[in-house]
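Every value quoted in this text rests on a predicted model; they were computed, and no experiment measured them.
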Amino acid sequence: MGYAWFVYYDQAVTRKPGATEAFNMGLANQQDQPYHEMTDIMRATNRNVEAVHLNG
């Protein structure tokens, strides 16, 4: 039980050959620096998700 995210790292801005995506939607950038605003929210969510599940 917990909250998950689609991808850990942002997609590379250089893209793979033939790819059309280069999005900033990870929890960390390509230099492995986390986006603290988002990781703090996820940490708080995960801390409380069991209580939400139990109490509806």
Side-chain angles (χ1 to χ4, degrees):
M1 176 186 307
Y3 189 78
W5 193 250
F6 175 67
V7 62
Y8 182 72
Y9 288 111
D10 288 341
Q11 295 175 345
V13 295
T14 56
R15 302 181 185 152
K16 291 186 246 179
T20 58
E21 299 176 339
F23 297 113
N24 175 8
M25 59 186 197
L27 295 176
N29 63 23
Q30 288 295 315
Q31 292 73 39
D32 200 24
Q33 299 165 328
Y35 296 112
H36 292 288
E37 185 175 322
M38 185 61 179
T39 56
D40 291 347
I41 291 168
M42 292 182 76
R43 187 177 298 109
T45 300
N46 274 311
R47 204 175 3 233
N48 297 317
V49 74
E50 187 172 345
V52 170
H53 178 72
L54 289 173
N55 299 317

Problem set entry | Trace of the side-chain contact (heavy atoms from CB on, under 4.5 Å) decision for Asp32 with Tyr8 | CA-CA 9 Å; Asp32 200 24; Tyr8 182 72; 3.4 Å; yes
Exercise. Can you name the closest pair of heavy atoms from Leu27 and Thr39 and give their distance?
Worked result: O-CG2, 4.1 Å
For this session: Drop me the distance from Asp40's CG to Arg43's CZ, to the nearest 0.5 angstrom.
Result: 5.0 Å
For this session: Decide if atom CD of Glu37 counts as having more than 12 heavy atoms of other residues, nucleotides or ligands within a radius under 6.0 Å.
Result: no
Problem set entry | Cluster overlap Val49 with Leu54, hydrophobic side-chain contacts below 4.5 Å | no
